There are 2 protein chains.
Amino acid sequence: MNAPDVALICRALGDTNRLQIVELLTHGEQCTCVLLEHFSITQPTLTHHMRVLTECGLLKSRKEGRNTYYSLNCETMSDFREFIAGLVCGK
Amino acid sequence: MNAPDVALICRALGDTNRLQIVELLTHGEQCTCVLLEHFSITQPTLTHHMRVLTECGLLKSRKEGRNTYYSLNCETMSDFREFIAGLVCGK
DNA sequence: ATAACACATAGATTGCTGTCAATGAAAATT
DNA sequence: AATTTTCATTGACAGCAATCTATGTGTTAT
């Protein structure tokens with residue numbers, strides 16, 4: 001994973017709401033309606049955040065009936081963790 | 001380290017130039033003048049980026065003569081790495 | 001003292017971002 | 001078929017952020 005991709009992900013995680021969304025999704029996929037209960041934002045704003053997180057590759061989405069389920073993209077998350085893990089002092 | 005602090009750091013790392021600055025500083029402290037050679041931005045813009053990185057706790061600075069030397073704040077970096085390392089699928 | 005150097009600060013501008021209300025679209029329910 | 005539910009899209013707005021030029025400040029060299 002190269003620097004521009006990482007910067008894009010960091011920018012996505014640079015919003016408190018989005019960071020909390022990712023934290024919630026570490027426990028498994030969730031639909032928008034359930035996620036919405038955890039925040040004090042409107043549904044369009046949440047959908048906007050989900051879009052940002054999806055476009056940088058962090059999330060996957062799956063439609064089932066009238067629900068949309070979001071989950072972490074494990075591969076991207078793994079690559080990102082690896083990059084950050086490499087940012088050590090005195091390399 | 002709590003979520004708001006992490007979000008602040010992520011936002012700081014969400015700029016390609018700043019991410020590269022942090023990568024450069026993993027090899028040790030550097031003064032502004034040397035860092036500037038790696039980028040195609042003006043000196044005030046670089047100083048602005050150093051300020052952002054310092055204010056979120058990622059960098060430390062030290063003045064020696066007419067030079068300012070920047071280095072990673074190892075403790076903050078460590079806490080941040082640990083937080084990101086905890087963002088795993090299927091927790 | 002004067003000049004040169006390294007960096008910070010101020011002010012302006014342009015573009016992006018988080019948020020909302022309003023609306024659209026597709027599926028399930030009645 | 002009509003209504004309800006769930007989510008996406010649109011358009012707007014206020015605030016922030018990246019960048020620049022111009023200038024200020026402290027330090028070293030001449």
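Everything quoted here is computed from the prediction, not taken from an experiment. Residue numbers begin at 1 in each chain, while the letters A, B, ... track the order of the sequences. Scope of the values below: all heavy atoms of this structure, side chains included, with no hydrogens, waters or symmetry mates.
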When you check the phosphate oxygens OP1 and OP2 of dC7(D), does a side-chain N or O of Arg51(A) lie under 4.0 Å from one of them?
-> no

In whole angstroms, the gap separating C1' of dT9(D) from NE2 of His48(A) amounts to 13 Å

Do the side chain of Ser78(A) and the main chain of Cys74(A) share a donor and acceptor less than 3.5 angstrom apart?
-> no

Residue met sooner reading DNA chain D from 5', once Val52(B) and Val34(A) are mapped to nucleotides | Val34(A)

Quick one: salt bridge (Lys or Arg N to Asp or Glu O under 4.0 Å) pairs with a partner in residues 4-31 of chain B, sequence neighbours left out?
-> Glu29(B)-Arg62(B)

Report which part of the nucleic acid Ile41(A) touches: base, sugar-phosphate, or nothing (heavy-atom distance under 4.0 Å, all strands).
-> sugar-phosphate

Base, sugar-phosphate alone, or nothing: which one does His49(B) contact when heavy atoms must sit under 4.0 Å apart?
-> sugar-phosphate

Between Thr16(A) and Gln20(A), is any side-chain donor less than 3.5 angstrom from a side-chain acceptor?
-> no

If you check the Asn17(B) side chain, which of dT9(D), dC20(D), dT19(D) turns out closest?
-> dT19(D)

Atom pair distance, as rounded to whole Å: CG in Leu13(A) and C1' in dG18(C) | 16 Å

Report which part of the nucleic acid Tyr70(A) touches: base, sugar-phosphate, or nothing (heavy-atom distance under 4.0 Å, all strands).
-> sugar-phosphate

Taking the side chain of Pro44(B) as its heavy atoms from C-beta onward, which of dC20(C), dG18(C), dT21(D) lies nearest to it?
-> dT21(D)

Can you give me the N/O atom pairs linking the protein to nucleotides 4-6 of chain C at distances under 3.5 Å, or say none if there are none?
from: dA6(C); atom 1: O4'; to: Arg66(B); atom 2: O; distance (Å): 3.4
from: dA6(C); atom 1: O3'; to: Arg66(B); atom 2: O; distance (Å): 3.2
from: dA6(C); atom 1: O3'; to: Asn67(B); atom 2: OD1; distance (Å): 3.0

